[in-house]
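First comes the structure, then the notes that go with it.
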Number of protein chains: 2
Amino acid sequence: MSVTIKHIAQRAGVSHPTVSRALRGDPIVAAETAARIQRIAADLGYVPSATARSLKTSRSHVIGVIVNRISDPFYSEVLDGIQDALYSAHYSLFLASTDHDLAREKAVVRAMLERRIDGLIVCSLFVTPPYRSELGASGAPLVVVHNRSRDPNADAIYHDDYAGSRQMTRHLIDLGHERLAFIGSARAGVESEDRLAGFRDEINAAGLTAPPERIVQAANGELASGSAAVESLLRLSHRPTALVCFSDMLAIGAIRRLQQAGYAVPADCSVVGFDDIVLAKFVNPPLTTFNQPKYALGQQAAQMMLRLLSAKQRKENGDQQNRITLRGEILVRASSAPPPAE
Amino acid sequence: MSVTIKHIAQRAGVSHPTVSRALRGDPIVAAETAARIQRIAADLGYVPSATARSLKTSRSHVIGVIVNRISDPFYSEVLDGIQDALYSAHYSLFLASTDHDLAREKAVVRAMLERRIDGLIVCSLFVTPPYRSELGASGAPLVVVHNRSRDPNADAIYHDDYAGSRQMTRHLIDLGHERLAFIGSARAGVESEDRLAGFRDEINAAGLTAPPERIVQAANGELASGSAAVESLLRLSHRPTALVCFSDMLAIGAIRRLQQAGYAVPADCSVVGFDDIVLAKFVNPPLTTFNQPKYALGQQAAQMMLRLLSAKQRKENGDQQNRITLRGEILVRASSAPPPAE
DNA sequence: AATTTGATTACACACGTGTTCATAATCCTC
DNA sequence: GAGGATTATGAACACGTGTGTAATCAAATT
């Protein structure tokens, strides 16, 4: 229906292959011929068909991205990073969300394979094996972002939760705190374990201790669970003077409960979170937290994908393991301060 | 490289057209032949090439979606609605963000046209004319979401800000308030005007008045601007007992300032926002606000697009205007209450 | 002047699928 | 039992692009 290189060829009095080469800037066509063809193409409003090109070259220049929920405040920033990096490289982005539904996961991967994506980026905490097997035959590379399944065969981008957690803990120790508590999330699995490990190791490195009664698990990631998790800490004879929370939401819940119980934050007790959700800046007091480089995670994922693709094109042995770990930064706000005088 | 219908044909001892028909469920092929072909296809792990199919049928079953920023808290929920609706209809989604950059806008539209999208959904407050002209020749339908340029030729999904604002105002009047103030946003253009108009009309309908000194404009959408906008209201001899704010962020800023000045919210002054951002539920007091149906906006946009496409396929005169206006719902939380006794 | 060289361009085919038309096989009807 | 109606399949071509090879032509070389 639309204008093709054949139309241009007819108009220019040449054959279509010549038009094809001229438009791709192949130096084999005479400069003046090329210029004339390009002018005609512009006049006719020619828009090349990536579809036909893909069919012939078997490269689509499209990357599939799968996420559980697009509006997820964490992953939507990752998506921004991916999109920007892909745009710079003249790649397009196929997006699909799975809504945590396994059947839908398979369906969207299938749809993407039918579309002949060049590669797939999966942004999800769980599962890689199904993706890998589905993708296997297609030869499309797979990059996972922030995936906690620790698939040793996957190319992956991680955030260094362990180091981040150590840094947060260090911050409180530097302020003078000696009795620190940790509030984890029972639902978060490996992620929570990493942060707890960071907490423990930093405590030990400072010559302090973290007895079991100062390590509690919130039932899930909800604000109310954060409040509930504080209860047992309040009953301790030696109350902690600082709380390291698995997430901002838990931290905010904890602060609420402390304030209701008549304690001032941070005067009586410091509280720090993790993730830097939008909310963190606006609560009272503004929350000291840790900013995961969400945008950079996405950007790096896309760039890793592009590297894999060009390596594949050059037929290098892409067998070397790709695994990048990024570090975020601590954001000191008003919820952390030196401990109260004894 | 991968397995094609020709391979299947060879294996089944038939010709490729027969395979094509069998896999598409064409009843013209014998039932047993079809069954045999389908089994072979499954055995061989056949994945049809949507690329080749698009080339032949000139329908890609892909919808392009353009947004300024994927992580925008408003539009990312719209995207979820679009994605879910498209998924149900077996359509895929091409996503690109423009970052408010005009050159990039053109580039991504161009890329999508090259990919031969069947239709385009634009999620942006501004501009349709450039899109329309770029798209013109391709014949792909255009649907705009929440676009304030009021292009009379565009198929569009809107949220009824006017009705929403009236509803918020009504809520406060019903609580007994008689002196209401409005805090607009100088940057928001038509959107702010609509909400102000709703405020005014509802005030007048109730036999009350809204003198100019009780209508102020915040410099922009930031929290601090909300705080600043309250200043002039505090100096009035008859202070308002309720504030209708253009957005949640402004409302939160206003509440901060009121609390700093020693006023209790809502005991001394009610404050309501608009948009229901994530934050709204967690501030103190939790904010009474208006929930725009973001997900539904996206869903409806996708469904409108699908209707346009099937109308186009049936060659109906798709000339009738498509314009859908959705209404959200008021969320009454703790920041609104009856006015203080005089 | 004949041949070689180099520069351009045309021809033919391929990518994987869908579609139209013709053909072969089967069945029914008189 | 012959002719037509019906059914199932195959052959050929098309979609728009890219690529390898042959062909044309002018200029340069011997």
Side-chain angles (χ1 to χ4, degrees), chain A residues 1-38 40-41 44-62 111 113-118 137-139 313, chain B residues 1-38 40-41 44-62 111 113-118 137-139 313:
Chain A
M1 195 57 63
S2 56
V3 32
T4 76
I5 54 171
K6 291 187 184 175
H7 299 144
I8 301 176
Q10 190 177 9
R11 181 91 157 246
V14 298
S15 69
H16 23 301
T18 303
V19 176
S20 172
R21 289 187 250 260
L23 294 179
R24 309 224 335 143
D26 194 324
I28 206 173
V29 302
E32 51 185 335
T33 313
R36 185 164 49 97
I37 290 176
Q38 283 166 5
I40 294 178
L44 264 50
Y46 170 70
V47 177
S49 164
T51 307
R53 184 177 299 160
S54 302
L55 181 59
K56 184 59 185 165
T57 62
S58 64
R59 293 200 58 192
S60 62
H61 280 258
V62 174
L113 288 179
E114 293 190 0
R115 259 55 178 219
R116 296 295 189 261
I117 53 169
D118 284 346
S138 77
Q313 194 178 19
Chain B
M1 194 58 64
S2 55
V3 32
T4 76
I5 53 171
K6 291 185 185 177
H7 299 144
I8 300 176
Q10 191 176 10
R11 180 90 157 249
V14 297
S15 68
H16 21 304
T18 303
V19 175
S20 172
R21 288 187 257 258
L23 293 179
R24 310 224 336 143
D26 194 325
I28 207 171
V29 303
E32 50 185 337
T33 313
R36 184 165 48 98
I37 291 176
Q38 283 167 4
I40 295 178
L44 262 51
Y46 170 69
V47 177
S49 164
T51 309
R53 183 177 299 160
S54 301
L55 181 59
K56 183 58 185 166
T57 62
S58 64
R59 295 200 59 191
S60 61
H61 279 259
V62 174
L113 289 179
E114 293 190 0
R115 259 50 177 222
R116 297 293 190 262
I117 53 168
D118 284 344
S138 77
Q313 194 180 19

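Lettering follows sequence order; numbering is per chain, from 1.
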For [N] and [X] - does any side-chain N or O of the residue sit under 4.0 Å from the phosphate oxygens OP1/OP2?
| X | N | value |
| --- | --- | --- |
| T33(A) | dT9(C) | yes |
| S49(A) | dC15(D) | no |
| S20(B) | dG18(C) | yes |
| S15(B) | dG10(D) | yes |

CA sep, side-chain torsions, deciding dist, call: T51(A), L55(A), side-chain contact (heavy atoms from CB on, under 4.5 Å): CA-CA 6 Å; T51(A) 307; L55(A) 181 59; over 6 Å; no
Length of the [atom1]-[atom2] vector between [X] and [N], whole Å:
| X | N | atom1 | atom2 | answer |
| --- | --- | --- | --- | --- |
| Q10(A) | dA10(C) | CD | C1' | 16 Å |
| D26(B) | dT20(C) | CG | P | 11 Å |
| R53(B) | dT17(C) | CZ | C1' | 8 Å |
| K56(B) | dT17(C) | NZ | C1' | 8 Å |
| Y46(B) | dT17(C) | OH | P | 3 Å |
| R59(B) | dG18(C) | CZ | P | 14 Å |
| I37(A) | dG18(D) | CD1 | P | 13 Å |
| H16(A) | dG18(D) | NE2 | C1' | 11 Å |

Which nucleotide in the list [options] gets nearest to the side chain of [X]?
| X | options | value |
| --- | --- | --- |
| A30(A) | dT17(D), dT9(C), dT17(C) | dT9(C) |
| I5(A) | dT17(D), dA10(C), dG10(D) | dT17(D) |
| R21(A) | dT9(C), dG20(D), dG16(C) | dG20(D) |
| L55(A) | dG10(D), dG16(D), dT17(C) | dG16(D) |
| T4(B) | dA10(C), dG18(C), dT17(C) | dT17(C) |
| R24(A) | dT17(D), dG10(D), dG18(D) | dG18(D) |
| V29(A) | dG18(C), dT9(C), dC11(C) | dT9(C) |

Whether S20(A) side chain and H16(A) backbone form a donor-acceptor pair below 3.5 Å: no
R36(A) (side chain) donor-acceptor with A12(A) (main chain) under 3.5 angstrom: yes
Sub-4.5 Å side-chain heavy-atom contact between R53(B) and P48(B): yes
5′-ward residue of the pair I28(B)/A52(A) relative to DNA chain D: I28(B)
Polar side-chain contact R116(A)-dG16(C) base: donor and acceptor under 3.5 Å: no
Full working for side-chain contact (heavy atoms from CB on, under 4.5 Å) between Y46(A) and I5(A): CA-CA 8 Å; Y46(A) 170 70; I5(A) 54 171; 3.3 Å; yes
side-chain contact (heavy atoms from CB on, under 4.5 Å) assessment of R115(A) paired with V62(A): CA-CA 9 Å; R115(A) 259 55 178 219; V62(A) 174; over 6 Å; no
